[in-house]
*Asks:* 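Sharing a structure, written as structure tokens. Questions coming.
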Number of protein chains: 2
Amino acid sequence: MGKGQETRERLLDIAELSVLAKGFGATSIEEIIAEAQITKSGFFYHFRDKNELARALLQRYLDREDGLLDELFDRARELHDDPLHAFLIGLKLLAEKMADLPNGHPGCMVAAYCYNERLFDPSVRSLNRTAVLGWRERFVAMLEEIAAVYPPRDDVDLQSVADMVSSSVDGGIILSKALGEPAVLSKQILLYRSYIKLLFSPTVD
Amino acid sequence: MGKGQETRERLLDIAELSVLAKGFGATSIEEIIAEAQITKSGFFYHFRDKNELARALLQRYLDREDGLLDELFDRARELHDDPLHAFLIGLKLLAEKMADLPNGHPGCMVAAYCYNERLFDPSVRSLNRTAVLGWRERFVAMLEEIAAVYPPRDDVDLQSVADMVSSSVDGGIILSKALGEPAVLSKQILLYRSYIKLLFSPTVD
DNA sequence: AACCAACCTGACCTCGAGTACAGTAAATTC
DNA sequence: GAATTTACTGTACTCGAGGTCAGGTTGGTT
């Protein structure tokens, strides 16, 4: 990574934490460059304007998130052939990952952007939408594979069950933040796992 | 309601929508007073500073939310004596209420404040925390009553199952907003309901 | 040695934000 | 009907925000 890329990443790191803690509108370029020890002109060399910072921030977050999900659920599939058990293992790995964050989850960019939507141009909003649709697709594929083997014990829409992964994570993050109890997030993921277990297991216990 | 209270409520209405759409930091007093057709000094007559607006906004939101939950779950209890079925009915009523919002849910103040936490003084943050704890308490009480009659079919922590109500709502709101699909929220609540059904029902069908 | 692109710095501009404070018209109280 | 309170308006101030532009330094290419 060249010197320019390094600076850019540093700017994004600083911006990311600030955006998750104060929102995009309250995150000033002034404060980012102060922490990054760079001048304002230096900042604008890397990003044309604040909206380009927003786009880059979201894109980087989504790439990382996709990478993490690939890693965890691929690993889960390695550990178990059965689609249901692989999914349950993947959820456990995810819960553990979330529990291992030292200061709790810093926040979900997608959620932060939802509560700042009016600030962004359509391209950023569409990026956000596409990301959530991607997660839906990812988990719907797993769930269909599961449902083909284990008929669900309740009449549910698999697409919504797929959405529930994102919902549990985003909801869990909010509760963790509001309560100041980082553990809440992983507990919510494990409850989703419990639902999947009950929904698809032929016998329970 | 006197003239002053009326103005105050109008200011809060305008601020609420803006905060949920752009975040608190990006919501300017200037824009609020422009829409409310009042001067800046008029605004500061009602609120000492921006932080007092924040507190009033959250307080009003929480009062309304508590009122709504009281209404729905009291009504549910009227409709069915059994604690499990009453809870399931309450969740259905909640899902319907959420589905009936014409333009989708405008957003949860608690969630918005979580992603703006650094902007507020400790009293506001503590108000936010207390609210979530209140919801936890409310639903834990219902779940304990249920669990006393119907032993849960999975080894779960009832406090987390209680938190899952808030988590489903907040997660559902975020997905709805990100996707531009208002229906997602009520579907997530109904999935939580499905989980409760599977978790406590002696027989499934 | 000359050049050039990448990576910045410094000085400057404009605008709107939050805030202060003095004044005032209308309603309410005494 | 005088005094007080409520509910504002008008004016003025400061500061930090996002953004521009012209210039400078550095390390590698020709």
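All chains are named by letter (A, B, ...) in the order of the sequence lines, taking the proteins before the strands, and each is independently numbered beginning at 1.
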*Asks:* Throw together a table of side-chain donor-acceptor distances under 3.5 angstrom for residues 17-25 of chain B, partners on residues two or more places apart or in other chains.
*Replies:*
unit_1  : atom_1 : unit_2  : atom_2 : d
B:Ser18 : OG     : B:Thr27 : OG1    : 2.9
B:Ser18 : OG     : B:Glu31 : OE2    : 3.4
B:Lys22 : NZ     : B:Ala26 : O      : 3.4
B:Lys22 : NZ     : B:Glu31 : OE1    : 3.2
B:Lys22 : NZ     : B:Glu31 : OE2    : 3.1

*Asks:* Which comes earlier along DNA chain D counting from the 5' end, the contact point of A:Glu31 or that of B:Gly42, where each point is its nearest nucleotide?
*Replies:*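 Looking at the nearest nucleotide for each, B:Gly42 comes out on the 5' side.
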*Asks:* Please confirm whether the backbone N or O of B:Lys187 pairs with a side-chain atom of A:Ser160, one donor and one acceptor, at under 3.5 Å?
*Replies:*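 Pair absent, no side-chain N/O of A:Ser160 close to backbone of B:Lys187.
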*Asks:* Atom CZ of A:Phe24 and atom P of D:dA17: how far apart are they, to the nearest Å?
*Replies:*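 Result: 14 Å.
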*Asks:* Between the protein and nucleotides 19-28 of chain D, list every N/O to N/O distance that falls short of 3.5 Å.
*Replies:*
unit_1 : atom_1 : unit_2  : atom_2 : d
D:dG19 : OP2    : A:Lys50 : N      : 3.2

*Asks:* Using the ring-ring contact (aromatic ring centres under 6.0 Å, His included) criterion, which residues pair with A:Phe73? Sequence neighbours excluded.
*Replies:*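 Partners of A:Phe73 by the ring-ring contact (aromatic ring centres under 6.0 Å, His included) criterion, ordered by chain and then number, come out as A:Phe87, A:Phe139.
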*Asks:* I want to confirm an ordering. Mapping B:Ile38 and A:Glu30 to their closest nucleotides on DNA chain D, which one lands closer to the 5' end?
*Replies:*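 Closer to the 5' end of DNA chain D: B:Ile38.
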*Asks:* To the nearest angstrom, how far is B:Phe47 atom CZ from D:dA7 atom P?
*Replies:*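 Interatomic distance, CZ of B:Phe47 to P of D:dA7: 13 Å.
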*Asks:* Please determine if a side-chain N or O atom of B:Thr39 lies less than 4.0 Å away from the OP1 or OP2 oxygen of D:dC8.
*Replies:*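 No, because none of the side-chain N or O atoms of B:Thr39 sits under 4.0 Å from OP1 or OP2 of D:dC8.
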*Asks:* Counting side-chain heavy atoms from C-beta on, which of C:dA17, C:dC8, D:dC8 comes nearest to B:Ser28?
*Replies:*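 Nearest to the side chain of B:Ser28 among the choices is C:dA17.
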*Asks:* Filter on side chain to side chain donor-acceptor pair (under 3.5 Å), then keep only pairs touching residues 86-99 of chain A, sequence neighbours left out; what's left?
*Replies:*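 Non-adjacent pairs meeting side chain to side chain donor-acceptor pair (under 3.5 Å): zero.
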*Asks:* Has B:Thr7 got a side-chain N or O lying under 4.0 Å from the OP1 or OP2 atom of D:dA7?
*Replies:*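 So the side chain of B:Thr7 is outside the cut-off, no N or O lying under 4.0 Å from OP1 or OP2 of D:dA7.
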*Asks:* How would you list all residue pairs meeting salt bridge (charged side-chain N to carboxylate O under 4.0 Å, His left out) that involve residues 164-176 of chain B, not counting sequence neighbours?
*Replies:*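 Applying salt bridge (charged side-chain N to carboxylate O under 4.0 Å, His left out) to every pair that reaches into residues 164-176 of chain B, excluding sequence neighbours, yields nothing.
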*Asks:* Look at B:His46 and D:dT6 and indicate whether a side-chain polar atom (N or O) is within less than 4.0 Å of OP1 or OP2.
*Replies:*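 Checking D:dT6 against B:His46, no side-chain N or O comes under 4.0 Å of OP1 or OP2.
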*Asks:* With sequence neighbours excluded, what pairs up with B:Arg193 under the salt bridge (charged side-chain N to carboxylate O under 4.0 Å, His left out) test?
*Replies:*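 For B:Arg193 there are no salt bridge (charged side-chain N to carboxylate O under 4.0 Å, His left out) partners, ignoring immediate neighbours.
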*Asks:* Can you check whether A:Tyr45 has a side-chain N or O nearer than 4.0 Å to OP1 or OP2 of C:dC8?
*Replies:*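 Indeed not, no polar side-chain atom of A:Tyr45 lies that close.
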